[in-house]
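Single-structure report; data block below.
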Amino acid sequence: ATVSFNFSEVVKGFTESDIDLGGTAGKIAKLTQKTDVSWTASFTPETDIERTTNTIAVKTGSYTDAAGNAGAGRTSENFAIDTLVPSATITLSDLDLGVDETATVDFSFSEPVNGFELTDIDVSAAAGTLDGFVGGGASWSAIFTPIAEVERTSNILKLGAGSYTD
């Protein structure tokens, strides 16, 4: 993300070391002066985290104005970081299906997901089909119907990589 630093007047000595992440999980890089009173930098959050309390601050006295007066510190508004990939668990109501039987397949996610659809479920390694797909948020289900006249001890349902987001 791009972070903007805007000052009320021309400042001297503003560098990346003047920026305080104060426990915010990430890094600031590429601080670039855009005008006499504005800079931008790149903020890259850490991976595999979910944190609701984060701020970026400019340290008090870390820069000066043209007259040599120490600059005031400021803190950004709070922002959230969510780089944690949702995980999924697939469970079947029956693991030993016979003729004319079906099983409910539950898809439980670690957090609510978006964009999850029946076509995101790979049934190519399962001797059956899915239908009756319903759900929302972190809980979805479908009905698995085995193909008639097939005996197979290994059936696998897979979720397509990147097929849903949080």
Side-chain angles (χ1 to χ4, degrees), residues 1-6 16-32 34 38-59 73-166:
T2 300
V3 181
S4 297
F5 301 92
N6 298 303
E16 283 181 25
S17 65
D18 300 331
I19 302 167
D20 182 10
L21 297 179
T24 295
K27 295 179 182 179
I28 286 284
K30 299 179 184 173
L31 182 66
T32 305
K34 296 296 185 181
S38 70
W39 280 255
T40 61
S42 294
F43 173 74
T44 305
E46 292 178 10
T47 58
D48 297 327
I49 64 162
E50 189 170 31
R51 184 180 290 168
T52 58
T53 304
N54 301 278
T55 58
I56 297 174
V58 173
K59 298 174 189 173
R74 291 276 190 222
T75 301
S76 71
E77 291 184 34
N78 185 63
F79 60 95
I81 297 174
D82 182 359
T83 58
L84 186 64
V85 177
S87 60
T89 303
I90 303 171
T91 56
L92 281 81
S93 63
D94 187 346
L95 298 177
D96 189 16
L97 297 173
V99 175
D100 296 327
E101 292 184 326
T102 62
T104 300
V105 183
D106 290 317
F107 303 90
S108 300
F109 294 90
S110 59
E111 60 185 301
V113 296
N114 298 307
F116 184 52
E117 300 175 355
L118 181 61
T119 56
D120 296 329
I121 307 163
D122 180 356
V123 295
S124 62
T129 61
L130 288 175
D131 60 18
F133 185 69
V134 295
S139 181
W140 302 76
S141 66
I143 303 299
F144 179 78
T145 305
I147 297 171
E149 306 293 324
V150 172
E151 185 173 338
R152 185 187 276 177
T153 57
S154 177
N155 292 282
I156 300 171
L157 298 173
K158 294 181 184 179
L159 299 181
S163 61
Y164 54 88
T165 61
D166 60 348

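For the pair R51/E46, no side-chain contact is recorded, criterion being any heavy-atom separation below 4.5 Å from C-beta on. Inter-residue side-chain proximity for V105 and L92 is flagged as met; some heavy-atom pair is nearer than 4.5 Å. In this structure, the side chains of I81 and T24 come closer than 4.5 Å at one or more pairs of heavy atoms. Between V123 and L157 the shortest side-chain heavy-atom distance falls below 4.5 Å.
For D122, the side chain to side chain donor-acceptor pair (under 3.5 Å) partners at least two apart in sequence or on another chain are S124. Applying the side chain to side chain contact (heavy atoms under 4.5 Å, CB included) test to I156 and every residue at least two apart in sequence or in another chain returns A125, S154, K158. In this view, D20 and A57, K59 satisfy the side chain to side chain contact (heavy atoms under 4.5 Å, CB included) rule, not counting sequence neighbours. Every residue two or more places apart in sequence or in another chain that forms a ring-ring contact (aromatic ring centres under 6.0 Å, His included) with F107 is listed here: F116. For T32, the side chain to side chain contact (heavy atoms under 4.5 Å, CB included) partners at least two apart in sequence or on another chain are K34, T40. Checked against side chain to side chain donor-acceptor pair (under 3.5 Å), S93 has no partners two or more places apart in sequence or in another chain. In this view, V3 and F5, I28, F43, I56 satisfy the side chain to side chain contact (heavy atoms under 4.5 Å, CB included) rule, not counting sequence neighbours. Applying the side chain to side chain donor-acceptor pair (under 3.5 Å) rule to T44 yields no partners; only residues at least two apart in sequence or on another chain are considered.
Residues in residues 83-105 take part in no ring-ring contact (aromatic ring centres under 6.0 Å, His included) pair, two or more places apart or across chains. Here side-chain hydrogen bond (donor to acceptor under 3.5 Å, both in side chains) pairs that include residues 131-143, with residues two or more places apart or in two chains, number zero.
Within the 3.5 Å criterion, the main-chain N or O of T102 finds no donor-acceptor partner in the side chain of T145. The backbone N or O of F79 lies less than 3.5 Å from a partner atom in the side chain of N54, making a donor-acceptor pair. Between the side chain of E16 and the backbone N or O of L31 there is at least one donor-acceptor pair closer than 3.5 Å. Between the D18 side chain and the V58 main chain, no donor and acceptor come within less than 3.5 Å of each other. The closest donor-acceptor contact from the side chain of T83 to the backbone of D48 lies under 3.5 Å. A donor-acceptor contact shorter than 3.5 Å is absent between the side chain of S38 and the backbone of N6. In this structure, the side chain of S110 engages the main chain of S87 through a donor-acceptor pair within 3.5 Å.
In terms of heavy atoms, D82 sits closest to E50 at OD2-OE2, 3.4 Å. For the pair P146 and G98, the tightest heavy-atom approach, listed with the atom from each and the gap, is CG-O, 4.4 Å. The nearest pair of heavy atoms linking D166 to P86 is CB-CG, 3.7 Å.
Distance check, rounded to the nearest 0.5 Å: CD1 of I121 to CZ of F144 gives 11.5 Å. Atoms CD1 and CG, on I90 and L159 in that order, are 4.0 Å from each other to the nearest 0.5 Å.
No more than 12 heavy-atom neighbours from other residues, nucleotides or ligands sit within 6.0 angstrom of CG on D100. Around CZ of R74, the count of heavy atoms belonging to other residues, nucleotides or ligands within 6.0 Å does not exceed 12. With a 6.0 Å radius and a threshold of 12 heavy atoms from other residues, nucleotides or ligands, D96 has its CG atom at or below the threshold.
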